[in-house]
J.: 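Quick one: this structure, given as structure tokens, is what I'll be asking you about.
Order of listing sets the numbers, starting from 1, for every ligand and every atom in it. A quick note: this is a predicted structure, and the numbers were derived from the prediction, not measured.
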Amino acid sequence: MTNTDFITLLREQMPEEEVQRLIEALQSAPQPTSIRLNPHKPYPAPEGREVGWCRWGRYLAERPSFTRDGHFQAGGYYVQEASSMFVGHLLEQALGGEKTEGLRLLDMCAAPGGKSTLYSSIVGERGLVVANEVIRARALTLADNIMRWGVGNTVVTSNDPSHFAGSLEGWFDVVAVDAPCSGEGMFRKSEEARENWSLDNVRLCATRQRRIMADAWASLREGGIFIYSTCTFNRAENEENMEWLCGEFDCERIEIICPEEWNIARTEAGVAECFHFYPHRTEGEGLFAAIVRKGGESTSRRKAPKKARKNPFGEVDKRVAKEIAGYLQDSTPLHLATIGESIYAYPAPLWEDIRTVAEQMSVLFSGVKVGEMFGKKFRPDHSLALSAHLNMEAFQRVELTEEDMLRYFRREELSCVSALGEGLNLLLFEGQPIGFTKRIGSRTNSLLPKELRILSQNF
Ligand code: SAM
């Protein structure tokens with residue numbers, strides 16, 4: 001942390017005494033561990049203090065091996081550093097208790113999915129989250145995490161931000177940009193972030209961020225909410241970008257209430273309220289977040305997207321639809337559709353919007369992938385086991401020991417084969433569905449996708 005350019009930038013932002021405390025925190029303060037619970041799954045909250053700005057956030061006293069935990073694999077919680085959860089507070093404050101019915105939210109830079117899963121919890125089954133990640137390999141990880149979260153209200157896309165500006169202009173009610181940045185707030189966690197830092201990189205990041213912000217802004221409707229965040233401290237990538245946005249476009253202020261005891265440093269940029277999390281002041285890593293409303297007639301109807309480019313969906317045969325309905329809870333109306341050979345389920349109120357996104361964008365995952373029919377035989381997808389819409393009663397179920405749960409995720413043979421019924425079994429760990437397997441006589445056929453297998457060295 002001796003980079004003099006970095007320290008010079010900090011000195012422009014805060015008094016010398018604070019600079020020293022921040023550097024000390026980056027060098028030696030312990031990194032807190034935190035998780036965020038999934039309100040759509042009944043995983044019991046572990047012991048731990050609540051994160052002030054997120055009712056689902058918990059600090060843990062130590063860092064367990066999350067990959068070994070069946071509840072993590074079942075999507076009972078997401079491992080997320082505490083400061084990042086603050087964007088959820090901004091969204092909830094901006095919505096001001098407004099119903100999320102029909103809400104369309106775009107998370108433009110979404111992988112690996114920390115903020116998208118938080119937004120998914122907030123908007124619930126009546127609101128749509130489009131989680132976009134331009135880098136394909138990272139988008140695949142994002143899709144896995146969204147699938148594990150299991151709400152069914154999210155579409156994962158892999159597009160350049162300019163595609164949204166071009167095809168879904170003015171279409172979203174909320175747009176969040178968690179921009180790629182120089183990562184100063186991650187210095188404590190990541191050697192790579194420390195090594196890659198330079199003034200040139202800060203400038204490069206700031207330029208790229210403005211490009212992403214402009215595209216994101218175009219996809220937001222008038223009166224919509226814009227949330228910008230980075231995990232860096234410097235003004236160029238934070239306040240100066242927000243000042244630029246407010247100068248370039250019609251922005252309005254959104255008032256945000258934060259209790260003093262959260263110790264967040266507040267600044268302003270144009271009309272934007274800005275928030276800094278510094279590790280020497282709050283229990284978490286570095287974060288910058290800002291929020292504004294897009295000016296204009298707030299009741300204006302969102303513009304209809306351009307003509308459909310493609311239609312990936314097909315209709316589900318009536319007989320098949322009847323069978324599939326039995327595998328899903330009937331508390332939420334769901335719409336069924338096929339993509340290729342696979343059958344998908346979507347919260348019915350979101351169906352039209354999901355179709356619109358799929359017609360325009362490159363979609364990697366959406367809703368709940370229920371499974372496929374092979375002749376008259378149904379083969380469920382792993383996604384169904386992890387979906388909050390699963391009807392557990394429709395399957396024979398077996399509770400696994402911890403040892404067998406770990407074997408399942410390594411794709412090894414289970415030791416409890418004799419406890420399984422012949423054919424399809426839903427596997428549970430401490431009451432939570434973790435996947436499917438098929439018993440054929442004395443052996444099992446795992447339905448865990450190969451790419452989700454956890455290698456032994458991670459255990
Ligand atoms: N929001 C994520 C979360 O909470 O888990 C973290 C997002 S990370 C800070 C920024 C993301 O932006 C990365 O996944 C990165 O691949 C993506 N990215 C990189 N270059 C981009 C670009 N030119 N346009 C849009 N996104 C980009």
J.: Among E17, E18, E24, exactly one meets salt bridge (charged side-chain N to carboxylate O under 4.0 Å, His left out) together with R21. Which residue is that?
T.: E17
J.: Identify the protein heavy atom lying closest to atom 24 (N) of ligand 1, giving its residue, its atom name and the separation to 0.1 Å.
T.: I212 CD1, 3.3 Å
J.: By number and element, which atoms of ligand 1 are closer than 4.0 Å to a non-hydrogen atom of I135?
T.: 16 (O)
J.: Verify side-chain hydrogen bond (donor to acceptor under 3.5 Å, both in side chains) between T232 and S182, making sure each step is shown before the conclusion.
T.: CA-CA 6 Å; T232 211; S182 62; 2.9 Å; yes
J.: Given T232, V177, V134, D178, which has its nearest heavy atom closest to atom 10 (C) of ligand 1?
T.: D178
J.: When you measure from atom 3 (C) of ligand 1 to every protein heavy atom, which one gives the shortest distance, and what is it?
T.: G114 N, 3.6 Å
J.: Above 12 or not: heavy atoms from other molecules or residues under 6.0 Å from NZ of K310?
T.: yes
J.: Counting heavy atoms only, which part of C181 comes closer than 4.0 Å to ligand 1: side chain, backbone, both or neither?
T.: neither
J.: Below 4.0 Å from ligand 1: does a non-hydrogen atom of P112 turn up there or not?
T.: yes
J.: Do N153 and E125 have side-chain N/O donor and acceptor atoms under 3.5 Å apart?
T.: no
J.: Of all the non-hydrogen atoms in the protein, which one sits nearest to atom 12 (O) of ligand 1, and at what distance?
T.: C109 CB, 3.4 Å
J.: Using the rule given for ring-ring contact (aromatic ring centres under 6.0 Å, His included), can you reason through W217 versus F172, listing the C-alpha separation, both sets of side-chain angles and the distance that settles it, and then say yes or no?
T.: CA-CA 10 Å; W217 188 260; F172 289 94; over 10 Å; no
J.: Nearest heavy atom to atom 16 (O) of ligand 1: which of K115, Q80, E133 does it belong to?
T.: E133
J.: Under 4.0 Å from any heavy atom of R208, which atoms of ligand 1 are there?
T.: 23 (N)
J.: For atom 18 (N) of ligand 1, what is the closest protein heavy atom, and at what distance to 0.1 Å?
T.: P180 CG, 3.7 Å
J.: Can you label the angle between the Y77 ring and the F72 ring as parallel, tilted or perpendicular, going by 30° and 60°?
T.: tilted
J.: Using the side-chain hydrogen bond (donor to acceptor under 3.5 Å, both in side chains) definition, which of the options Q31, R188, K189 pairs with E285?
T.: R188
J.: For ligand 1, is S229 a contact, meaning one of its heavy atoms is under 4.0 Å away?
T.: no
J.: Report the distance from atom NE2 of H276 to atom CD of E239, rounding to the nearest 0.5 Å.
T.: 3.5 Å
J.: Just jot down the ligand 1 atoms closer than 4.0 angstrom to any heavy atom of A179, in number order.
T.: 9 (C)
J.: Aromatic contact between W351 and F313, with the criterion being ring centroids under 6.0 Å apart: yes or no?
T.: yes
J.: Where is the nearest protein heavy atom to atom 2 (C) of ligand 1: which residue, which atom, and how far?
T.: A111 O, 3.2 Å
